[in-house]
Amino acid sequence: MNDVPLHRHLTDTTLGLLDQFRVVVVTGARQVGKSTLARAVLDDRPGSYHTLDRPDVADRALADPLGLVTENAAGLTVIDEIQLAPDLMRAVKLAVDRDERPGAFLLTGSSNLLRMRTVSETLAGLAAYVELGPLTLSERTRQPLPRTIDDAFAAGSAEEFLASLPVVDPGSAPGLRQAVTDAIIRGGMPGTLGMDAAVRRHWYSAYISTFVERDLWQLGRVDDVMAFRRLFAQCMLRTGGLLNRSDLAADSALDHRTLTRYLDLLEVGYQIRTLTPYAATMGKRLVKMPKILARDSGMATHIMRVSDWDEARDTGAAGALYESWMISQLLAIDGPGASASSAHFWRTSAGSEVDLLLERGTRLVGFEMKAGSTVRWADTRGLAAVRDSFGERFRMGVIAYLGDEPLILDDRICAVPAWSLLGL
């Protein structure tokens, strides 16, 4: 295995934001690579590094917060895991109020600080917030950040969009398909790279225990740890599906109020993502329930006890896992750009649906995920319905599948192998 650390796409974004903002905050799940990213940023510019995982630094943050944040006034100050001392955000605000130079602080947190009830200072107007997710396929294979999303919004036709994608020899499709399905099963947590299935199972089991037993007290009260664990597992088993709170409450043996609070904790802790249905002024009734997605497909396969792609297909989980993974991948390569999209799914009472609908201004791009190697004409139904509903606002429809080559299905609808969309 290459000993050179994997380059995260968000590193370049963070460096650019530090040139514009006084504070940049990088959030994401525990063990997703925030500390490594912070140290990579320090390789580019001088500064100091403090992690609140160290008890002595945490004690100092509580005893002398202003002293900690001002000791390196001339360079970049990195404070890692700042959610462990939320009041430190006030000291950071005082420091940047006195000194308006950009690039003063890089803060990282393993929780969504904007939604934590213990965080009273959000640095509104002073900080740029970015999210680091699990490894993308392009990061794992040391490829540059794909421009797929930008190209889809900019292309005038399916033919033009396909011309913007990497040229891939169809003969390499079996190996690339294997790379995709392996990445789905393994997940994207950097610490699991190179682990075999048995060791990876132990890693994820320990991760769940750490999240439940150590991190939850920072996020909010959990009265019944076993019930919370049941809910965690049920969310992973439902990845890619609609979030039916009544069914989920019954299966998790929770009342609705507790269910809502625990779901919020899972989202604040970056274990799940909820995708809202796209709402627009139109005569069709859209469903109200959001879609629930596992942030890391490796956690979902761990809970499902799926160890390879054949097992995923045999158990009927392949489609949901592929959809969840692809949505996370596409949002990750969209997020670091200057024009990140708002993300939704689209479904009507008549049965038309699109797995991911991205919006920039008035423009829309849709993605359908198909975990198979062939595309049928019926697979275009959802994308065609969006096109017919929104007219010129609809820029491009893409079926992301596991087939060998790109296909033009309509003037603005095409099928593309997953690996091409993700920059291989």
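A donor and an acceptor atom, one from each side chain of Glu359 and Tyr278, are located under 3.5 Å apart.
Taking every heavy atom of both residues into account, Pro277 and Met289 meet most closely at CD-O, 3.9 Å. Minimum interatomic distance between Thr301 and Ile184 (heavy atoms only, all atoms of both residues): CG2-O, 4.0 Å. The two atoms that bring Ser328 and Ala294 nearest to each other are OG-O, 4.0 Å, heavy atoms only. Across all their heavy atoms, Thr148 and Phe161 have their closest contact at O-CE1, 3.6 Å. Of all heavy-atom pairs spanning Gly188 and Asp296, the tightest one is N-OD1, 2.8 Å. In terms of heavy-atom proximity, Ser420 sits nearest to Leu165 at O-CD2, 4.0 Å.
For the pair Arg30 and Phe211, the cation does not sit on the ring face, since its NZ or CZ is not both under 6.0 Å from the ring centre and inside 45° of the axis.
Arg395 places no side-chain N or O within 3.5 Å of a backbone atom of Arg363 that could act as its donor or acceptor partner. Under a 3.5 Å cut-off, the side chain of Glu160 and the backbone N or O of Gly156 do form a donor-acceptor pair. Side-chain atoms of Glu368 never come within 3.5 Å of backbone atoms of Thr380 as a donor-acceptor pair (strictly under, hydrogens ignored). The main-chain N or O of Arg376 is found under 3.5 Å from a side-chain atom of Asp379 such that the two form a donor-acceptor pair. With hydrogens and angles ignored, the 3.5 Å screen pairs a side-chain donor or acceptor of Gln271 with a backbone N or O of Gly269. Checking side-chain atoms of Arg200 against main-chain N and O of Thr192 turns up no donor-acceptor pair under 3.5 Å. Although no hydrogens or angles enter the test, the distance criterion places a donor-acceptor pair under 3.5 Å between the side chain of Arg186 and the main chain of Met195.
If you run side-chain contact (heavy atoms from CB on, under 4.5 Å) between Trp309 and each of Asp314, Asp182, Leu402, only Leu402 comes through. Considering Arg238, Glu323, Arg273 in turn, Glu323 is the only one that fulfils the side-chain contact (heavy atoms from CB on, under 4.5 Å) rule with Lys291. With Leu422 as the partner, the side-chain contact (heavy atoms from CB on, under 4.5 Å) test is satisfied by one option alone out of Leu330, Thr141, Thr136: Leu330. Screening Leu18, Leu15, Thr11, Asp12 for a side-chain contact (heavy atoms from CB on, under 4.5 Å) with Asp44, the sole residue that qualifies is Leu15.
One finds no salt bridge joining Arg305 and Glu311 here, because no Lys/Arg side-chain nitrogen approaches an Asp/Glu carboxylate oxygen to under 4.0 Å. A salt bridge is defined here as a Lys NZ or Arg NE, NH1 or NH2 lying under 4.0 Å from an Asp or Glu carboxylate O, and Asp411 with Arg387 fails to meet this definition. In this structure, Arg39 does not pair ionically with Asp43, as no charged nitrogen and carboxylate oxygen lie closer than 4.0 Å.
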* To do: Quick one: do Tyr270 and Thr27 satisfy side chain to side chain donor-acceptor pair (under 3.5 Å)? Show the steps, please.
  => CA-CA 9 Å; Tyr270 293 106; Thr27 61; 2.6 Å; yes
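In this structure, Arg45 places its CZ atom where more than 12 heavy-atom neighbours from other residues, nucleotides or ligands lie under 6.0 Å away.
Summarising the geometry, atom CG belonging to Leu265 is positioned 11.0 Å from atom OG1 belonging to Thr260; distances are rounded to the nearest 0.5 Å.
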